[in-house]
There are 2 protein chains.
Amino acid sequence: MTSQPAAASRVDAIADDIRSRILRGEYPGETSFTETDVATRYDVARPTAKAAIEKLVSESVLERRTNKTARVIKLGPEDVRDIYFTRARLEKAVLLQLAQARSVPAGAIAAQRELEQLDGSSGFDTVDPDMRFHMALVDSIGSPRTSRMYGSLVSQVKLCMAQIQGLHLVQPERIIKEHQHLLELIEAGDGDAASNFLDEHLSRPRERLVAAVGGVPGPEAFRD
Amino acid sequence: MTSQPAAASRVDAIADDIRSRILRGEYPGETSFTETDVATRYDVARPTAKAAIEKLVSESVLERRTNKTARVIKLGPEDVRDIYFTRARLEKAVLLQLAQARSVPAGAIAAQRELEQLDGSSGFDTVDPDMRFHMALVDSIGSPRTSRMYGSLVSQVKLCMAQIQGLHLVQPERIIKEHQHLLELIEAGDGDAASNFLDEHLSRPRERLVAAVGGVPGPEAFRD
DNA sequence: CGTAAAATATTGTCTAGCAATTACTGGTAG
DNA sequence: CTACCAGTAATTGCTAGACAATATTTTACG
């Protein structure tokens, strides 16, 4: 079940590997990646390693300023809030559109099933199906650009979570329940309610993430 | 008045130059860019040219599949609609937020002045100030990620327009009037009205652009 | 005229290396 | 013992030339 179409070039293969390792939490924030390091580690020439690094920089997984070593991006409280607010902007528009058509995406239901299945396991395993649920909602409207943008936000959330150890943001049961509610509101055609509820749904993990990266969380982190 | 901070590296300089030429309409859609061509034209080594090309590919200004020559992206009717719908999703969220705070961005007013000044000139010159108006609205909420995404959509619109010769989408007077109305709705705090009016405001140029790139325009292209 | 084979172009990657910038380390002076 | 400065090492940006693999174009043959 390889969802990715196996990297064609060596550069892509290296970039894919590094990206997945970073998203897996293998490298803490601000870990530096020198070109020669990468080159020797993957046994390729330096220009190839350089290209892979630059690809990841263009994806905002690594950052680097001119003449300086590339580092894993470390997201702070400001970043977390910006990511979540931008997420919300896109996703609320999607919810309004779905509710208007009263169309409940099959992909979202599938992701919901997944979440229910792994009920009881660690909080970290819920992140992926959770994200798949939201991504499925966005994908269902068939806008490549909206999907692409939302996807980049999702991977930034993952990047952020990967850099935090024992995070338990929200109980899986709650996530499942809230997702269910969202789907029901879509089915009922109540876009405004769905849109408002999304804000609530995102606010708790948002502020808990803010706290986890060293910021001062808002009241939403503790509510209810 | 160099808005850009003069490219640091040779690669950036070349990418900037090519990008601006493409956006200026110097290269029609699907013009191919070979690495050696670029290398000789800018008198640099091939890997440098390659890097510049790949940068533009990552920005979706050029496209290329593995082992094939890079080409200027040509946007079709589907693309135009997707760009405009995605624009609308982001910008409507921004309008709601601005209306709630009843804050009329200074940057938008400035862009509006610019539009009024060049009243009477060719339709093409209105594109830039028009875009600046919308970009100013988005920038004013201070979300780097939202601005970045919106900016990429704006440059895709420009790319699209650059590939069309005698386009006269909408009269400047109308644009000015509609922008003014948007600002008034924001000031009045009526986010929903602003959001709805934006749809109207974008629908005409959207469908006319669709027609210009060879698609079948919807009725909005001709309405009143 | 159409198709297959050969020639050409183009890309992906490598090796090797140089200059410029940045980071580091150690030593000296206060 | 600390602070600052110089020299060294590490790192990046770019170049040149080369080779194999893949695309494209041309040529030659049926």
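Below, chains carry the letters A, B, ... as their sequence lines are ordered, and counting in each starts from 1. Quick note: numbers below take in every heavy atom, side chains included, and nothing from hydrogens, waters or symmetry partners.
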(request) Drop me the distance from Met161(A)'s CE to Ile164(A)'s CD1, to the nearest 0.5 angstrom. (result) 7.5 Å

(request) Ignoring backbone atoms, establish whether Thr48(B) has a side-chain N or O less than 4.0 Å from OP1 or OP2 of dT15(D). (result) yes

(message) When you measure from the side-chain N and O atoms of Lys50(B) to the phosphate of dG12(C), is any distance below 4.0 Å, counting only OP1 and OP2?
(response) yes

(request) Could you check Glu207(A) against Arg81(A) for salt bridge (Lys or Arg N to Asp or Glu O under 4.0 Å), going step by step and ending with a plain yes or no? (result) CA-CA 8 Å; Glu207(A) 294 304 323; Arg81(A) 289 217 174 88; 2.8 Å; yes

(message) Can you tell me how far apart CG (Leu95(A)) and NE2 (His134(A)) are? Round to the nearest 0.5 Å.
(response) 9.0 Å

Could you list, one pair per line, each protein nitrogen or oxygen that sits under 3.5 Å from a nitrogen or oxygen of nucleotides 17-24 of chain D, together with the distance?
| unit_1 | atom_1 | unit_2 | atom_2 | d |
| --- | --- | --- | --- | --- |
| dA18(D) | N6 | Arg46(B) | NH2 | 3.3 |

(request) Please lay out, stage by stage, how Lys74(B) and Glu63(B) fare under the test salt bridge (Lys or Arg N to Asp or Glu O under 4.0 Å). (result) CA-CA 9 Å; Lys74(B) 181 169 189 177; Glu63(B) 68 182 339; over 6 Å; no

(message) Could you check whether Thr146(A) and Thr86(B), counting side-chain N and O atoms only, form a donor-acceptor pair closer than 3.5 Å?
(response) yes

(request) Could you check how far CG of Leu62(B) sits from C1' of dT11(C), rounded to whole Å? (result) 15 Å

(message) So if I take residues 27-43 of chain A and measure heavy-atom distances to DNA chain C, which residues fall below 4.0 Å?
(response) none

(request) Check whether any side-chain nitrogen or oxygen of Arg64(A) sits under 4.0 Å from OP1 or OP2 of dG13(D), and answer yes or no. (result) yes

(request) Check every strand shown and say whether Arg65(A) touches a base, only sugar-phosphate, or nothing at a heavy-atom separation below 4.0 Å. (result) nothing

(message) Rounded at 0.5 Å granularity, tell me how far CD in Glu91(A) sits from CE in Met135(A).
(response) 9.5 Å

(request) Please say which of Val11(A), Asp43(A), Ile53(A) ends up in a side chain to side chain contact (heavy atoms under 4.5 Å, CB included) with Thr48(A). (result) Val11(A)

(request) Indicate whether OP1 or OP2 belonging to dT11(C) is found under 4.0 Å from a side-chain N or O atom of Thr69(B). (result) yes

(message) In whole Å, I'd like the distance from the CG atom of Asp12(A) to the P atom of dT11(C).
(response) 16 Å

(message) What I'd like to find out is whether the side chain of Glu54(B) reaches to under 4.5 Å of the side chain of Glu54(A), using heavy atoms alone.
(response) no

